[in-house]
Each structure stands twice: as C-alpha cells, then as structure tokens.
Amino acid sequence: MARKPIVALVGRPNVGKSTLFNRLVGERVAVTHEIPGTTRDRLFGESFWNGVTFQVIDTGGIEVYQPTGTRDESPLAEGSADFIAEIKEQALLAVDGADVIVLVADAQHGTTAADEAIAEILRRSDKPVVVAANKIDDKRHEQNVYDFYMLGLDMVVGISAIHGIGVGDLLDEVVTEIIKITEEWADEEDEDDHLKIAIVGRPNAGKSTLLNKLIGEDRAIVSPVAGTTRDAIDTDIKWYGEKVTLIDTAGIRRRGRIEVGVEKYSVIRAMNAISRADVALLVIDAELGVTEQDEHIAGYIIEEYKSLVIVINKWDSIDKDAFTMNEFVENIRDRLHFVRYAPIIFISAQEGQRVHQVLEVAQRVWEARFFRMATADVNRIMRDAVEKHPPHGKGTKRLKFLYATQVRTDPPVILFHVNDPSQVHFTYKRYLENQFREAYEFEGTPLRLSFRSRKDKE
C-alpha cells in the first residue's frame with residue numbers, strides 16, 4: 001500500500017490557510033484568528049475528493065521579511081515574532097515533504113512582494129503548485145484573481161475558503177496532480193516486493209540505536225535528546241541474501257502535544273513510513289512501560305493494516321526477578337488488547353542483547369501476510385465457529401452464513417457471503433477472527449473480514 005499523498009498549504013500570514021484547511025478536512029482543527037501569525041505550528045488532517053484520499057498540512061505563514069518596516073509588515077499575534085524563523089523553516093520543510101503545494105494568497109489585496117518571494121521558493125521546488133486566490137467573497141475581488149498569474153505558476157483558482165466558493169475547482173486541480181503522482185508510485189511498487197520495516201515509537205525510545213545495531217554502523221544520529229530524528233530515513237540492507245528496507249522515523253507524540261518546530265512534519269513522515277512499510281516495529285521504552293501514546297501508535301499501524309512486532313527496548317535497565325517478564329507481557333496484552341496477536345521481543349539496543357531476533361521475527365510476521373488458506377479449510381472453520389456459537393439476529397431475522405473464501409493476501413482478506421451483512425455485530429466479527437487465529441496463527445498480522453449479501457457481486 002502506497003503512502004497517502006501530502007498536500008501542503010503555504011503562504012504569507014493571514015491569507016486564510018487555516019480556514020481552507022478546516023474546510024478541506026471537514027472539521028475545525030486549526031485555530032483561526034484575524035491577527036496574522038496565529039498558526040504557529042503545522043496541523044495535519046485527511047481529505048477525500050473524487051475517490052482520492054490525501055493528507056493536508058496547514059503551515060504557519062511564511063514571513064519572507066522581518067517585521068522592521070518593510071512593505072509587507074503586518075501586526076503579529078503576541079509572541080509570534082519570536083517564531084518567524086521557525087515558522088518559515090516549518091513551511092519550507094512542508095514544501096520539501098509535500099507532493100502537491102497550494103499557495104494561498106489574498107485576492108482582496110492582490111499580489112505582494114511576499115507572494116512573489118514565496119512563489120520563487122515554490123518554483124525551485126519542482127513540485128506541482130496550485131495558487132488559491134482566497135477571499136473572493138464578492139464580485140469586486142474576482143478580477144484580482146488574474147493578477148496571480150504574474151507569479152509564474154500555471155494553475156490559479158479563485159476561492160472563498162470561508163464560504164466554500166471555488167473550493168471544488170481547487171480540489172479538482174489538486175486531485176489531478178495527485179493522480180499523476182500516484183500512477184508513478186504504482187509503477188515503482190510493481191517492482192518493489194521486498195520486506196520493508198518501519199521503526200516507530202515515542203521520542204527517545206531507542207529507535208535510531210536499534211537501526212544502527214541492525215545495519216552495523218552509525219547511519220542515524222543517536223542522541224539522548226528526544227526528537228533528534230526528524231525525517232524518515234530509508235536504509236537498504238542484505239539479510240540472508242535478501243533485500244530488506246529499514247525505515248527509521250521521528251518519535252511520534254500524542255497529537256495535542258506535538259510542539260512548535262519541525263516535529264509535526266516528522267509525525268507526517270512517520271505516519272507515511274507506516275503506510276509504506278509491510279511490518280512496523282513498535283519500540284517501547286521498558287523504563288516507561290506502555291503509555292497512552294504507544295496505544296495511539298499501535299492504532300495508526302492497525303488502521304493501515306500493517307503487521308506489527310512489539311519491541312521492548314532498554315530491558316537491561318530493568319530490575320528483574322522470575323516474574324518480571326511475564327508481568328510485563330500481561331501488562332502489554334492488557335494495554336494493547338486490540339493487537340494481542342503481535343509478538344513481543346525484549347531487547348537492549350544499546351547493548352545489542354537479542355537484537356538478532358528482531359529481523360527474524362519481522363521476517364516471520366511478513367511471511368504470515370502472504371499465507372493463503374484453502375477454501376475448504378476456510379468454510380470448515382466458519383461452519384465450526386457458527387455451530388459452536390450461533391450468531392444472534394436482530395428482531396425476527398436471523399443471520400445466516402452461506403460460504404466463505406480468502407480473496408487476497410497482504411494482508412489476508414476473508415470474504416463471507418451472508419444473507420444480511422447488517423446483521424453482523426462487531427463482537428461476532430471479532431469472535432470469527434479469533435477462531436481463524438486459533439486454526440492458523442497469522443502471527444503479528446491483521447486479518448480483514450468482509451461480509452457480502454448473496455445479492456452482491458464479488
């Protein structure tokens with residue numbers, strides 16, 4: 001599965017980027033305020049248009065000029081002047097990591113020197129850029145849209161983010177560019193069927209140290225300061241003669257605690273690393289134990305239907321007795337109950353203890369993604385499960401299972417033909433999954449169960 005394309009909204013302060021962001025993702029996520037500089041860090045969300053899903057990054061305004069009397073000087077929100085360099089760095093990093101860029105400008109004021117300077121930055125990026133000339137809230141400002149062709153960028157669309165005018169036309173342009181890009185990705189993926197492993201987790205859990213042990217050299221910077229790794233780093237290695245790609249990522253914090261600076265961009269890269277990978281190594285700091293954020297990261301992995309190995313790092317620093325490991329496993333299974341099928345490894349990346357097990361288990365888990373059951377076995381397991389625990393119906397109607405088959409792998413997908421899919425309760429779906437896992441372990445790998453009516457075509 002390819003990563004989701006990234007669309008970055010950039011522009012000078014107070015042109016309506018956050019308002020446009022809220023409209024694209026369908027919820028009020030970004031704080032909007034009429035004073036420039038309110039959006040200090042980037043926010044991210046997901047948007048869907050014409051069958052295409054993509055991620056949207058809302059950046060802080062790019063201050064090309066310091067506010068010391070230049071012609072684009074504008075009042076800043078209190079304290080924001082201190083963040084001008086950081087806001088610019090965030091926006092430029094978003095441009096670097098984005099697949100499509102939307103330059104948001106203010107049609108009421110027309111082009112400014114700041115717009116021209118930002119457009120110059122974007123032209124050098126060699127990325128597709130769409131200009132969104134915002135705030136055409138009445139007829140007087142519509143003519144100003146044509147002025148933005150002076151920026152030397154091919155696509156210009158007049159919009160009113162606050163009223164939704166022209167946003168559909170903007171999305172049409174964006175999705176057209178995304179389709180071109182994803183077609184290129186599909187061509188590349190056809191030739192790319194080796195094991196890809198994303199190393200993810202909270203900041204300072206030891207991900208980069210683990211990467212260095214696995215590749216045998218100091219390829220990633222290791223530091224006790226949380227958040228040192230800011231971009232996803234791909235490293236190809238040979239393991240028993242086979243190519244394996246290791247993707248080191250920045251530590252992921254809880255969404256509400258992602259701080260000002262490049263860290264939010266790092267979260268996007270880390271989430272995309274999960275999308276690009278087959279197997280995710282969730283690195284947990286043994287000294288802290290399983291945290292709420294570890295639960296969130298495991299949720300990201302499952303949402304992408306990726307296989308999972310739980311790696312407990314810094315195990316050497318824990319005072320242990322005969323019961324410590326079993327108690328730790330029990331706690332993990334309790335906190336991460338929705339991924340009970342994931343194997344658990346206890347290591348010390350710093351000391352190299354049991355690090356050799358990491359690739360062995362990841363390889364085993366990856367192979368489970370491609371396991372295919374015979375149709376006769378699928379139906380036998382289904383019939384035994386239904387006979388042992390018949391499903392409850394709603395009202396007088398009873399749920400009936402007709403037959404089932406595994407329709408694909410990577411990950412395994414089982415299609416059940418039933419009389420009424422709406423009768424399938426999520427608890428019964430979980431029961432069926434457990435029955436299949438008892439018969440075939442599917443270690444570390446999610447199962448997708450799909451239910452179709454006899455009237456539906458496969």
Side-chain angles (χ1 to χ4, degrees), residues 6-49 53-64 72 74-80 83-84 87-88 90-91 94-95 98 100-112 114-115 118-119 122 129-142 144-145 147-148 151 153 155-175 178 255-256 258 260 264-265 268:
I6 298 174
V7 176
L9 308 182
V10 302
R12 60 190 179 85
N14 204 34
V15 293
K17 295 184 298 300
S18 296
T19 303
L20 177 58
F21 174 84
N22 289 334
R23 183 165 290 278
L24 294 183
V25 303
E27 54 184 320
R28 288 189 60 83
V29 179
V31 177
T32 57
H33 197 286
E34 62 185 9
I35 299 178
T38 301
T39 306
R40 293 179 181 171
D41 59 351
R42 212 164 25 256
L43 293 170
F44 59 90
E46 194 168 276
S47 187
F48 179 84
W49 186 256
T53 302
F54 55 94
Q55 289 180 319
V56 185
I57 306 176
D58 177 30
T59 68
I62 300 178
E63 283 284 357
V64 179
D72 284 327
S74 56
L76 294 173
E78 183 179 357
S80 287
F83 293 108
I84 290 172
I87 291 172
K88 181 178 178 181
Q90 287 183 76
V95 167
V100 178
I101 301 158
V102 176
L103 170 56
V104 186
D106 187 339
Q108 293 184 6
H109 292 89
T111 58
T112 67
D115 293 326
I118 295 169
L122 301 185
V129 181
V130 183
V131 179
N134 191 28
K135 304 184 183 180
I136 56 165
D137 302 320
D138 58 53
K139 296 286 185 181
R140 294 176 301 163
H141 303 123
E142 289 183 4
N144 294 345
V145 172
D147 295 343
F148 289 92
L151 298 176
L153 300 167
M155 293 174 281
V156 179
V157 180
I159 69 166
S160 170
I162 198 167
H163 295 116
I165 299 169
V167 173
D169 295 333
L170 173 66
L171 285 169
D172 285 342
E173 296 285 357
V174 168
V175 167
I178 287 175
R255 289 188 183 187
I258 299 170
V260 173
K264 192 177 296 291
Y265 171 70
I268 291 289

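For the single chain, residues carry numbers from 1 onward in sequence order. Values below: every heavy atom of this structure, side chains too, minus hydrogens, waters and symmetry copies.
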Side-chain heavy atoms of [X] within contact of [Y], under 4.5 Å:
X: Phe21; Y: Val104; value: no
X: Leu20; Y: Val15; value: no
X: Leu24; Y: Leu9; value: yes

Show, in sequence, the C-alpha distance, side-chain angles and deciding distance for Phe148 and Leu153, and conclude whether the side-chain contact (heavy atoms from CB on, under 4.5 Å) test is met. CA-CA 8 Å; Phe148 289 92; Leu153 300 167; over 6 Å; no
Would you give the length of the straight line joining atom CG of Leu170 to atom CH2 of Trp49, rounded to the nearest 0.5 angstrom?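 Output value for this atom pair is 9.5 Å.
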Without swapping roles, check the side chain of Asn144 against the backbone of Ala107 for a donor-acceptor pair under 3.5 Å. yes
Please identify which of these residues, Val130, Val102, Leu103, meets the side-chain contact (heavy atoms from CB on, under 4.5 Å) condition with Met155.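 Testing each of Val130, Val102, Leu103 against Met155, the sole residue satisfying side-chain contact (heavy atoms from CB on, under 4.5 Å) is Val130.
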Among Val131, Leu122, Ile57, find the residue that satisfies the side-chain contact (heavy atoms from CB on, under 4.5 Å) test when tested with Ile101. Leu122
Output all residues satisfying side chain to side chain contact (heavy atoms under 4.5 Å, CB included) with Val145, sequence neighbours left out; order by chain, then residue number.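 Counting only residues at least two positions away or on another chain, Val145 forms a side chain to side chain contact (heavy atoms under 4.5 Å, CB included) with Ala133, Ile136, Val156.
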Suppose we screen for side-chain hydrogen bond (donor to acceptor under 3.5 Å, both in side chains). Which residues come up paired with Asp169, at least two apart in sequence or across chains? none
Looking at residues at least two apart in the chain, or sitting in another chain, which of them share a side-chain hydrogen bond (donor to acceptor under 3.5 Å, both in side chains) with Asp106? His109, Lys135
Side-chain donor-acceptor pair under 3.5 Å between Asp115 and Thr112, yes or no? yes
Identify all side-chain donor-acceptor contacts of residues 158-166 below 3.5 Å with residues at least two apart in sequence or on another chain.
| residue | atom | partner | partner atom | Å |
| --- | --- | --- | --- | --- |
| Ser160 | OG | Asp137 | OD1 | 2.5 |
| Ser160 | OG | His163 | N | 3.4 |
| Ser160 | OG | His163 | ND1 | 3.3 |
| His163 | ND1 | Asp137 | OD1 | 3.4 |

